[in-house]
Amino acid sequence: MHENYSTNSTNVNQYQQVSRLYSIQPIGCGLPHVESLISYVSRLATAHCVPTGLLMTKEIAPLINPKYSFSGESCGGVLNKIFANETSALNGFGNWAFGTVNAVEKLTCRTDISQLTLLSWKKVIFNQKLLKQQRAWCSFCFRESIDNSQILYEPLSWSLEVLKLCPTHKTPLYNICPHCEKGNRPLSWYSKPGFCAKCRGWLGVDAYTYKLPNLKFKAVEDDEQLHCIKCVNDLLGMSPDSFSDKAKVFIASHLDHFVEDISRGASLHLAQVLGADVTQVRKWRKGQITPTLASLINICYKLQIDFPTLLKPVYSEIIDKIYESKKKHKESSEKPVFYGPIKKATQKQKLVISVLETALLENPPPSVDDIATRLKYRNSSSLYALAPEIFKRVRQRYKVFLKEQQSKSIREVLERVLSEYPPKSLENVASELGVRSHTLRSYERSLCKQVSSNYSRFRTQKKDERVEILFEEMKQIAQSLYNKGIIPTPSRISLHMSSPGSILRLESRKKLEQFLQENEWF
């Protein structure tokens with residue numbers, strides 16, 4: 001497990017031979033099991049015998065932004081101040097990743113650090129639900145690295161949200177330490193490959209079998225996850241030059257090809273095949289938005305193509321058509337131009353329009369979800385795609401109906417509460433109805449005022465009764481003390497009360513003092 005810290009390896013800046021930090025060679029560059037940037041920084045900190053957080057705050061963070069200079073020698077909260085609890089972004093393709101890559105390359109004089117992030121994916125994948133917010137690892141990989149005297153590191157693929165299995169062992173990735181039973185953030189003050197950042201315990205498979213002897217480790221044979229592993233390996237193994245600026249259009253060309261040749265121009269059918277929203281699918285077809293990584297993997301799985309094929313055009317005619325459509329969409333404020341010729345309403349569309357028009361006459365009005373269930377659609381988005389205007393009218397009519405029903409129900413409850421004794425507070429009524437008090441006021445302001453007023457009078461009455469009971473008890477104790485020849489003071493009276501602390505209440509004490517003064521006992 002000895003690491004070589006020399007600067008004579010490849011991808012080293014030959015014009016700057018002396019680096020401030022050791023020029024450790026990253027693991028697996030250009031391969032599916034490439035190391036992550038966070039793992040590399042952690043190994044770099046270990047090589048310098050300092051915590052990872054200290055290396056980040058003292059050396060790397062100030063190069064990202066000069067205002068990130070902190071004087072604290074050991075403060076885990078500093079990382080949160082710098083990265084705002086988004087340390088997973090260091091492995092991505094945003095500003096944090098870009099800034100960290102530049103800083104680490106400057107400190108190590110290397111030129112291949114960007115390969116440890118997803119920076120090359122920026123042109124292809126939408127940055128949403130891309131990276132895990134918690135650190136994940138394969139305990140088998142850690143154990144094998146130790147057994148084979150290899151360097152402990154964490155592959156970039158483990159940080160992807162879509163990947164639930166280890167690409168090597170096909171076993172689930174773990175995110176809970178077997179020792180302290182806590183999770184780790186992607187980057188922590190004491191981050192170190194193979195060890196928990198909180199208790200510093202070993203995370204190899206032997207640690208799990210020792211702590212949890214009944215835990216079973218078994219490879220998962222799930223077609224979708226195995227396909228996901230293949231897609232991720234393909235992406236990580238592709239060179240940065242493979243990701244074109246036209247990637248969105250290339251992906252759109254494949255979707256358009258499927259729609260035109262297989263679905264006969266129906267985006268709805270493609271949306272059903274992919275299990276996606278039809279509006280989103282249309283935007284993908286037009287190259288307006290880029291699908292997320294999970295959506296791209298799903299497209300490859302459902303359309304039976306691989307990633308390298310998906311990132312190449314089907315044929316040039318579709319590409320030209322998509323570019324022309326995007327240009328017209330940007331230059332005018334009119335509705336987006338569809339690729340295919342304008343077609344007459346299909347039988348399916350006529351049926352949906354007829355059902356929706358009938359629903360406008362029903363009483364009570366049905367919801368759009370009820371209508372979708374009648375027509376055996378998975379959700380109401382299909383109805384919106386076929387008849388958007390009527391769909392909106394049906395939905396609005398149902399909203400008005402619900403509001404009227406809710407108003408009637410609230411009015412009945414408030415009227416019933418006004419006749420009850422003891423009266424309830426408006427907050428209690430709202431809690432019983434499962435709404436907030438301001439919601440009740442928005443429907444029945446006058447009745448709400450009456451409920452609040454009744455409850456306020458009730459509380460005042462109860463308070464006066466409690467004060468009177470306490471005062472009577474104080475009077476009797478004062479008379480008893482006076483008869484025994486003891487001057488009845490408030491402190492002496494409190495010693496004989498059933499609740500001595502109640503004499504501190506302002507109203508009771510005032511009445512007692514007035515009573516004692518009238519009898520010249522105080």
*Dump the intermediate steps for side chain to side chain contact (heavy atoms under 4.5 Å, CB included) on Ile353 and Ile390, then the final yes or no.*
CA-CA 7 Å; Ile353 292 173; Ile390 304 178; 3.5 Å; yes
_For Ser452, all residues meeting side-chain contact (heavy atoms from CB on, under 4.5 Å), sequence neighbours excluded_ = Leu426
Could you pull out all residues at least two apart from [X] that satisfy side-chain hydrogen bond (donor to acceptor under 3.5 Å, both in side chains)?
X	value
Ser382	none
Lys302	Asn298
Ser425	Asn428

Which atom of [X] lies closest to which atom of [Y], heavy atoms considered:
X	Y	value
Ala97	Leu119	CB-CD2, 4.4 Å
Asn184	Lys198	ND2-CG, 4.0 Å
Pro291	Ile251	CG-CG2, 4.3 Å
Val394	Pro366	CG1-O, 4.1 Å
Ser491	Ser494	O-OG, 2.7 Å
Ile229	Lys170	CD1-CD, 3.8 Å

Looking at [X] and [Y], would you say the former's side chain and the latter's main chain have a donor-acceptor pair under 3.5 Å?
X	Y	value
Ser407	Lys403	no
Ser39	Glu154	yes
Lys132	Leu163	yes
Ser191	Leu187	no
Asn91	Leu37	yes
His179	Trp202	yes
Arg393	Leu356	no
Arg492	Ile487	yes
Ser409	Gln405	no

_Pairs where residues 347-384 contributes a residue and the test ring pair (Phe, Tyr, Trp, His ring centres under 6.0 Å) is met, not counting sequence neighbours_ = Tyr384-Phe391
_Pairs where residues 445-468 contributes a residue and the test ring pair (Phe, Tyr, Trp, His ring centres under 6.0 Å) is met, not counting sequence neighbours_ = Tyr421-Phe458
*Give the C-alpha distance, both sets of side-chain angles, the deciding distance and a yes or no for side chain to side chain contact (heavy atoms under 4.5 Å, CB included) between Lys462 and Glu465.*
CA-CA 5 Å; Lys462 286 296 179 182; Glu465 290 177 359; 3.7 Å; yes
Supply the atom-to-atom distance [X] [atom1] to [Y] [atom2], rounded to the nearest 0.5 angstrom.
X	Y	atom1	atom2	result
Ile493	Ser480	CD1	OG	10.5 Å
Ile297	Cys228	CD1	SG	3.5 Å
His438	Cys448	NE2	SG	11.5 Å
Tyr398	Ile371	OH	CD1	10.5 Å
Leu386	Leu351	CG	CG	9.5 Å
Asn379	Leu383	CG	CG	8.5 Å

Show which side-chain atoms of residues 472-479 pair as donor or acceptor with protein atoms under 3.5 Å away, not counting sequence neighbours.
from   : atom 1 : to     : atom 2 : distance (Å)
Glu473 : OE2    : Ser498 : N      : 2.9
Glu473 : OE2    : Ser498 : OG     : 3.2
Gln479 : NE2    : Asn483 : OD1    : 3.2

*asked:* With ring pair (Phe, Tyr, Trp, His ring centres under 6.0 Å) as the test, pick out the partner of Phe142 among Trp158, Tyr208, Phe195.
replied: Trp158
*Evaluation steps, side chain to side chain contact (heavy atoms under 4.5 Å, CB included), between Leu418 and Val451*: CA-CA 6 Å; Leu418 285 172; Val451 170; 3.7 Å; yes
*Applying salt bridge (Lys or Arg N to Asp or Glu O under 4.0 Å), name anything that partners Glu427, two or more places apart in sequence or on another chain.*
none
_For Lys164, salt bridge (Lys or Arg N to Asp or Glu O under 4.0 Å) partners two or more places apart_ = Glu161
_Pairing donors with acceptors under 3.5 angstrom, does anything connect the side chains of Ser295 and Thr292?_
yes
*Give a yes or no on whether a salt bridge exists between Arg416 and Glu420, defined as a side-chain N under 4.0 angstrom from a carboxylate O.*
yes
Flag side-chain contact, heavy atom, 4.5 Å: [X] against [Y]:
X	Y	answer
Leu516	Pro490	yes
Trp96	Ile64	yes
Leu90	Thr117	no
Thr52	Trp189	no
Asn454	Arg457	yes

*Could you check Leu203 against Cys177 for side chain to side chain contact (heavy atoms under 4.5 Å, CB included), going step by step and ending with a plain yes or no?*
CA-CA 7 Å; Leu203 298 177; Cys177 171; 4.0 Å; yes
*If you draw a 6.0 Å radius around CZ in Arg436, do more than 12 non-hydrogen atoms from other residues or ligands fall strictly inside?*
no
*In this structure, which one of Leu131, Leu130, Val124 forms a side chain to side chain contact (heavy atoms under 4.5 Å, CB included) with Leu293?*
Leu130
_Results of ring-ring contact (aromatic ring centres under 6.0 Å, His included) for Tyr482 - residues two or more places apart only_ = Trp521
*What pairs of residues pass the salt bridge (Lys or Arg N to Asp or Glu O under 4.0 Å) test when at least one of them lies in residues 361-374, not counting sequence neighbours?*
Glu362-Arg374
*Tell me the salt bridge (Lys or Arg N to Asp or Glu O under 4.0 Å) pairs involving residues 440-456, sequence neighbours left out?*
Arg411-Glu444
*Does the gap between the ring centers of Trp137 and Tyr174 come in under 6.0 Å?*
no
